[in-house]
S.K.: 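This structure is in structure tokens; I'll ask about it shortly.
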Amino acid sequence: MISTIISSSLRLAASSSAPSAALVGRQLSMTATQSASKLSSILEEYRAQNYAMELPRRFRQDIVKAACSSRQYNAHATVSADGIERVLQNIG
């Protein structure tokens, strides 16, 4: 029973739109912060132009699916730097 509660809590936390505690407390350099901000603004601009009628969650899922390192998208797929670069090249 405990494992069921823990696994459902982990699934809920992973699907939450709020940033995870690991990312909130993480210290980034000024360059990394600026790069993350620029990436976020680029993706938001693309979402506003091409996913205006969709929910933000659908956009996030499509971006993650496109950036996954494996061809099969599943719950255990990982996003690689090459995948992010490929997404950025595709969106212009």
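All heavy atoms count here, side chains included; hydrogens, waters and symmetry mates do not. Given the structure is predicted, the values throughout are model-derived calculations rather than measurements.
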S.K.: Quick check for you: to the nearest 0.5 Å, what is the distance between D62 atom CG and R57 atom CZ?
M.R.: 12.0 Å
S.K.: Just verifying a value: how many Å separate E45 CD and Q49 CD, rounded to the nearest 0.5 Å?
M.R.: 5.0 Å
S.K.: I42 vs I91, test: side-chain contact (heavy atoms from CB on, under 4.5 Å). Steps then yes/no.
M.R.: CA-CA 9 Å; I42 289 169; I91 66 174; 3.9 Å; yes
S.K.: How long is the straight-line distance from CD1 of I84 back to CG of L88, given to the nearest 0.5 Å?
M.R.: 7.5 Å
S.K.: Please round to the nearest 0.5 Å and tell me the distance separating atom CZ of R58 and atom CE of M53.
M.R.: 13.0 Å
S.K.: Can any side-chain N or O of S37 pair as donor or acceptor with the backbone N or O of T33 at less than 3.5 Å?
M.R.: no
S.K.: Got a salt bridge between R86 and D82, using NZ or NE/NH1/NH2 to carboxylate O under 4.0 Å?
M.R.: no
S.K.: Any idea how F59 and Y46 line up, ring-wise: parallel (<30°), tilted (30 to 60°), or perpendicular (>60°)?
M.R.: tilted
